[in-house]
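Please read all numbers here as calculations on a predicted model, not as lab measurements. Just so we're on the same page: letters track the sequence lines, and every chain starts at 1.
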There are 4 protein chains.
Amino acid sequence: MNPEPNKKFIDISEKKRDKILQTAVAEFAQYGYDSANINTIAEKAGISVGSIYKYFHSKQDLYLTAAGFTVEKLKAVLNEIISSKTDFLSTVERIIRAIQLYSRDNIYLTKLYNEMTTENKSELVWRIVSDMEGITANLYASYIREAQENEGARKDVDPRCFAFFIDNLFIVLQFSYCCEYYKERLKMFIDDNIMANDDLLAGQLIKFIRGALYLK
Amino acid sequence: MNPEPNKKFIDISEKKRDKILQTAVAEFAQYGYDSANINTIAEKAGISVGSIYKYFHSKQDLYLTAAGFTVEKLKAVLNEIISSKTDFLSTVERIIRAIQLYSRDNIYLTKLYNEMTTENKSELVWRIVSDMEGITANLYASYIREAQENEGARKDVDPRCFAFFIDNLFIVLQFSYCCEYYKERLKMFIDDNIMANDDLLAGQLIKFIRGALYLK
Amino acid sequence: MNPEPNKKFIDISEKKRDKILQTAVAEFAQYGYDSANINTIAEKAGISVGSIYKYFHSKQDLYLTAAGFTVEKLKAVLNEIISSKTDFLSTVERIIRAIQLYSRDNIYLTKLYNEMTTENKSELVWRIVSDMEGITANLYASYIREAQENEGARKDVDPRCFAFFIDNLFIVLQFSYCCEYYKERLKMFIDDNIMANDDLLAGQLIKFIRGALYLK
Amino acid sequence: MNPEPNKKFIDISEKKRDKILQTAVAEFAQYGYDSANINTIAEKAGISVGSIYKYFHSKQDLYLTAAGFTVEKLKAVLNEIISSKTDFLSTVERIIRAIQLYSRDNIYLTKLYNEMTTENKSELVWRIVSDMEGITANLYASYIREAQENEGARKDVDPRCFAFFIDNLFIVLQFSYCCEYYKERLKMFIDDNIMANDDLLAGQLIKFIRGALYLK
DNA sequence: CATGAATGAGGATTCATTCAT
DNA sequence: TATGAATGAATCCTCATTCAT
């Protein structure tokens, strides 16, 4: 992706690397790209600014690395779910549950993912995220195709479109557990206690997707 | 909303006011709050920085006014649709079509709406958007309730949850026509020409929602 | 003093003129030359900025006019006292009493006088104040000379030096009733209630000056 | 005095620190708080603006530090004089001589001290100066009390009031050697050559104070 | 003549980046 | 290699002054 990707950075201890990235993710997630402060990140990560600039070419480079880190984590979660193949609806349920658990445990990663989808730098960010989205897109579409063939899913739908809609539902669900705007919106649509009632939302969403996909 | 809302600003000619707001919307949408440059906005709007600060207390005030302007425009579109009441699915179809037309005609407004949902300033922004989201939430939920009673919609679903899911689908659809990240994502999920095939996406989305909502 | 001194300004009604000058004096006294705001002064004086610039060439011109106004007021008080000629000590007592009454009734005039003695613009200000100081200097000195001849004052003192010292005592006394710094200093030197005990300070100061000047 | 007093600043070399403070003192003294320019101070001090803001939180912080520096210098001079205790009049004479020498050698420090007594920021400045003024106040008063007991000074005077008057004379004397306004005033009261005749002024002032304080 | 909207130069402050130690 | 002090360009905001109405 970058011509000379952070040789120095991959040489340091994993612990240190993780500390740096987690700090960067948190700062970028909380303050956005521009307001995040490299000197603050260095201080919070317990290293010097000089070192930051040994490991990364620029602020943008650090941002993109943090973005990549975020995507890797999301990918890992997704991989774990899809590794054990079952029917589509079970997978959907497991994804929803994973989003509910994971988003809350990794608020900053999700916040940063939200921030990444914003205009600024989106071209660079897309390069990093595209492969994950690609995997997801293909996976969901093929799941749907299979469901059409073997599980009685409707045959008159475009699997890619439906995959898109379903992923859209997942994305906004993710944001709704972490990002202030979407949290407020969720509470307004349903009620103030919805954040404490994962089962309701999960159950209804499964019902929604199942209804959309299956005939009966 | 603001204690002393821009007395000077509402006194100037509508043409000038619109020029300023559209410039601000475009700059904030393209560059984000921090990177947007007040001096540039002034220059592009054809006025002096001094005037900007006569009309607005601060950069944040200008941003929030631009955000409010954006929301008003979105509200106006929504209002036009919901004013002529028919059955829910017809309304859904009209909303989808409106999103497709409007988003492309008003790229920056949609981009800015996306940017507004990002962490930074989200509390302030929420105050501006909340009433529109509130209207939407109640409207969709009551539509669904009515559909349950009169149009044969499933009775085992929570109208508020389903309203939430449907609005989620609308939001991401909006972003998908304007925001670079979401545009790429849409192309990846479906195909590179999907932006030129509104009917397919609209048709499929209606099918998706109808399936989710109705029994047969 | 100024080549073309405010033709327009002397034509307007005295009431308006006074309002403008008093507002200017108050603003310059409170905030200092730089921080005082012409637009604010105009607003508080109930006229437009445009008019201010009809009456005065510049901020500096307004400042100097306000300074001159201040000096005129001080001069008037002094004149009233010295017009009824008695012995020096009676005059000293009357001056002290006048300072105590006048300073508190005209806080801003005294504050501004203090501000005027500061470095910035002091050359221009001096031109305005010099004649008053000159009158004072000569008056005190001649009083002292007369006292040396007729009232038994010490003959081994330089009347001009002693006039200077006595005026110094008056100046700091003036500031001590109006300017925050000097007010605190006065309280620290004597006690917190000294501002409410004019007689003590007046009595002691007269004693101080009489002792300095007279043999017995 | 300040919650977190300039950690970074006290770590740099004394030479550099002094250069910065002397530059700041000179600029603030000449132009006043508002007109003094941080960028100019940085340039004249031979450092970058960035560094100024590493050492000081704000312009105000730099100003107050410069004010504190000024007071420390004044205190040091005073301390040296009062350390060798003799009778009051000898001390008075030494103080007057010190003022004459010191003020001219440290014009900017005295100018700044004058500027500090002006309204703007006076509350903050007072915190810095108050302890010095307190020391002076008590010292002079106790000197006078002792002189009343042992040296034949008048017993019918309030030591604190007289201490105040004497310090007033010292303050204006200080200003008269440095600040343009007071320099002009001094020349007007006495004569144009008075600045070159320290002995006359010193001698007369001692005579003035002695006369005020002692019976004979 | 009076008005006050408009101007834009100027200045405090921030922070990504560099480089001497 | 790691540090963190130093840099200075960049930007928000203010306000004296102008001038069209």
Check the distance between [N]'s [atom2] and [X]'s [atom1] and give it to me in whole angstrom.
| X | N | atom1 | atom2 | result |
| --- | --- | --- | --- | --- |
| B:Glu27 | F:dT11 | CD | P | 12 Å |
| D:Ile52 | E:dT13 | CD1 | C1' | 12 Å |
| D:Ile12 | F:dA6 | CD1 | P | 7 Å |
| D:Ile38 | F:dA10 | CD1 | C1' | 18 Å |
| A:Leu62 | E:dT17 | CG | P | 10 Å |
| D:Asp11 | F:dA6 | CG | P | 10 Å |
| B:Ile41 | F:dT11 | CD1 | C1' | 12 Å |
| C:Glu43 | F:dA16 | CD | C1' | 16 Å |

Practice item. Using the closest heavy atom to pick a nucleotide of DNA chain E for each, name whichever of C:Ser48 or A:Tyr53 lands nearer the 5' end. Key: C:Ser48
Exercise for review: Identify, between D:Asp34 and C:Ile47, the residue whose nearest nucleotide on DNA chain E lies closer to the 5' end.
Suggested key: C:Ile47
Check your understanding: Using 30° and 60° as the class limits, which term best fits the ring planes of B:Phe9 and B:Tyr55: parallel, tilted or perpendicular?
Key ->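 It falls in the tilted class, 30° to 60°.
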Review point. Parallel, tilted or perpendicular for C:Tyr181 and D:Trp126, by the 30°/60° rule?
Key: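 Aromatic pair C:Tyr181/D:Trp126 classed perpendicular.
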Which nucleotide sits closest to the side chain of [X]: [options]?
| X | options | value |
| --- | --- | --- |
| B:Asn39 | E:dA5, E:dT13, F:dC13 | F:dC13 |
| A:Tyr55 | E:dA2, E:dA5, F:dA2 | F:dA2 |
| A:Val49 | F:dT7, F:dT18, E:dT18 | E:dT18 |
| D:Ser51 | F:dT7, E:dA12, E:dT7 | F:dT7 |

Check your understanding: Within the structure, does a side-chain N or O atom of D:Lys8 lie under 4.0 Å from either OP1 or OP2 of F:dA5?
Key -> yes
**Study point:** Shortest non-hydrogen separation from B:Asp34 to A:Tyr31 and the atoms involved
**Key:**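 Reported closest heavy-atom pair: OD2-O, 4.5 Å.
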Point to revise | Closest non-hydrogen atom pair between C:Glu27 and C:Lys44, with its separation | key: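 Residues C:Glu27 and C:Lys44, closest heavy atoms: OE2-NZ, 2.6 Å.
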**Study point:** Secondary-structure stems, DNA chain E, at least 3 Watson-Crick or G-U base pairs under 3.5 Å
**Key:** E:2-21 with F:2-21
Review point. If you pin B:Lys54 and A:Gly50 to their nearest nucleotides in DNA chain F, which one's is more 5'?
Key: A:Gly50
Practice item. For D:Lys16 and for C:Asn37, find the nucleotide of DNA chain F with the closest heavy atom, then tell me which residue's nucleotide is more 5'. Key: D:Lys16
So does [Y] get a backbone contact from the side chain of [X], meaning a donor-acceptor N/O pair under 3.5 Å?
| X | Y | answer |
| --- | --- | --- |
| B:Lys16 | B:Ile47 | no |
| C:Asn37 | C:Thr40 | yes |
| C:Glu115 | C:Tyr33 | yes |
| A:Ser51 | A:Lys54 | no |

Practice item. Select base, sugar-phosphate, or nothing to describe what B:Ala42 touches, counting heavy atoms under 4.0 Å on all strands. Key: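 Contact class for B:Ala42: none.
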